[in-house]
Peer 1: 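Here it is: the structure, laid out below.
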Amino acid sequence: METVAALFSGFVSGAAVGVFGLGIFGPLLVSVPTTNWLRRQFPDPSNWVMVSLGAALVAQAGCAVLGLLLGVVFLNVADGGSSGLGSPSWQFTLGIILALALLAGGATAWQPWLWRRFTLTALLAAGCYGWMLPHLATG
């Protein structure tokens with residue numbers, strides 16, 4: 001039963017990251033300059049709406065799959081884990097925080113003008129994956 005709880009909590013956490021992350025990065029889908037390669041491939045605005053919808057759906061599914069994978073990781077880490085950092089498994093939460101900090105730092109170095117969005121997304125993902133997932137899985 002704990003396996004199902006860990007997988008389901010991972011899926012729910014991933015879906016939450018996908019929904020809220022779309023609110024953070026969604027406006028970029030319509031504010032990309034028209035000289036962008038993708039806009040040149042789809043010059044008709046109705047096509048661009050469908051491409052944006054497809055990108056949003058892929059991002060949603062990707063976040064949910066990542067949540068499922070992190071649910072499996074939590075299941076394996078939580079057996080020997082102890083509570084701390086406001087989480088049932090401080091090792092898992094600390095690992096998520098460190099991984100997201102490295103990811104956000106690398107993404108910010110790649111696109112410095114998006115540092116606010118990367119930081120906000122990393123904080124959102126840390127909250128959902130690092131704290132919500134363990135609490136849902138053990139609660």
Side-chain angles (χ1 to χ4, degrees):
M1 187 62 147
E2 66 185 40
T3 303
V4 173
L7 290 176
F8 183 70
S9 64
F11 178 78
V12 169
S13 299
V17 170
V19 167
F20 294 121
L22 184 62
I24 296 170
F25 278 100
L28 286 180
L29 293 174
V30 294
S31 66
V32 176
T34 55
T35 58
N36 189 327
W37 174 84
L38 192 57
R39 289 224 185 201
R40 286 194 307 261
Q41 300 302 315
F42 302 99
D44 185 17
S46 63
N47 290 339
W48 182 245
V49 170
M50 295 309 290
V51 169
S52 299
L53 181 62
L57 291 175
V58 167
Q60 286 281 339
C63 288
V65 168
L66 179 62
L68 282 172
L69 293 174
L70 289 175
V72 171
V73 170
F74 175 74
L75 186 63
N76 292 323
V77 170
D79 291 337
S82 58
S83 62
L85 293 175
S87 172
S89 175
W90 72 268
Q91 296 92 342
F92 178 78
T93 301
L94 185 63
I96 293 293
I97 291 170
L98 291 176
L100 287 169
L102 287 173
L103 204 63
T108 301
W110 175 55
Q111 294 289 333
W113 62 281
L114 290 173
W115 73 270
R116 287 186 187 98
R117 292 181 194 267
F118 290 139
T119 304
L120 198 60
T121 304
L123 290 173
L124 168 72
C128 288
Y129 290 135
W131 279 278
M132 189 167 98
L133 188 150
H135 281 291
L136 286 176
T138 58

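What you see is a predicted model, and the numbers here were worked out from it, not measured in a lab.
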Peer 1: How would you list, by chain and number, every residue that makes a ring-ring contact (aromatic ring centres under 6.0 Å, His included) with Phe11, sequence neighbours excluded?
Peer 2: none
Peer 1: Minimum heavy-atom separation for Thr93 and Gly130, please, with both atom names.
Peer 2: OG1-O, 2.7 Å
Peer 1: Which residues satisfy the side-chain hydrogen bond (donor to acceptor under 3.5 Å, both in side chains) test with Thr121, sequence neighbours excluded?
Peer 2: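 side-chain hydrogen bond (donor to acceptor under 3.5 Å, both in side chains) check on Thr121 returns nothing, list empty.
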Peer 1: When you compare the side chain of Trp90 with that of Pro134, does any pair of heavy atoms fall below 4.5 Å?
Peer 2: no
Peer 1: Side chain to side chain contact (heavy atoms under 4.5 Å, CB included) for Phe118 and Leu103? Distances and angles first, verdict last.
Peer 2: CA-CA 9 Å; Phe118 290 139; Leu103 204 63; over 6 Å; no
Peer 1: As an exercise, state the distance from CD of Gln91 to CD1 of Ile96, rounded to the nearest 0.5 Å.
Peer 2: 12.5 Å
Peer 1: Roughly how far, to the nearest 0.5 Å, is CG of Asn76 from OG1 of Thr3?
Peer 2: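 Between Thr3 OG1 and Asn76 CG, I get 9.0 Å after rounding to 0.5 Å.
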Peer 1: Can you see which heavy atom on Leu100 is nearest to which on Ala126, and at what distance?
Peer 2: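 Heavy-atom minimum between the residues: CD1-N, 3.3 Å.
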Peer 1: Would you sort out whether Ile24 and Phe20 count as a side chain to side chain contact (heavy atoms under 4.5 Å, CB included), showing the intermediate values?
Peer 2: CA-CA 7 Å; Ile24 296 170; Phe20 294 121; 5.6 Å; no
Peer 1: Of all the heavy-atom pairs spanning Leu133 and Gly71, show the shortest one and how long it is.
Peer 2: CD1-N, 4.1 Å
Peer 1: Nearest 0.5 Å, what's the OH-CG distance between Tyr129 and Leu70?
Peer 2: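 It comes to 6.5 Å.
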Peer 1: When you measure from the side chain of Ser87 to the backbone of Trp131, do you find a donor-acceptor pair of N or O atoms at a distance under 3.5 Å?
Peer 2: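 Absent.
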Peer 1: Quick one: does Ser89's side chain get under 4.5 Å of Phe74's, heavy atoms only?
Peer 2: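 Side chain of Ser89 against side chain of Phe74, heavy atoms only: contact under 4.5 Å found.
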Peer 1: Using every non-hydrogen atom in the two residues, find where Ala16 and Met132 come nearest and quote the distance to one decimal.
Peer 2: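 It is CB-CE, 3.9 Å.
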Peer 1: Using a 4.5 Å cut-off on heavy atoms from C-beta on, say whether the side chain of Leu69 contacts that of Val73.
Peer 2: no
Peer 1: Indicate if Leu120 and Leu114 have the same hydrophobic cluster label, given that clusters are the connected sets of ILVMFWY residues with side-chain heavy-atom separations under 4.5 angstrom.
Peer 2: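 Cluster IDs for Leu120 and Leu114 match.
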Peer 1: So, for Leu68 and Leu7, which heavy atoms are closest and what is the spacing to 0.1 Å?
Peer 2: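 Scanning both residues completely, I find the closest heavy atoms to be CD2-O, 3.3 Å.
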Peer 1: Locate the shortest heavy-atom distance separating Ala56 from Leu22; write the atom from each residue and the value.
Peer 2: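 Taking Ala56 first and Leu22 second, the nearest heavy atoms are CB-CD1, 3.8 Å.
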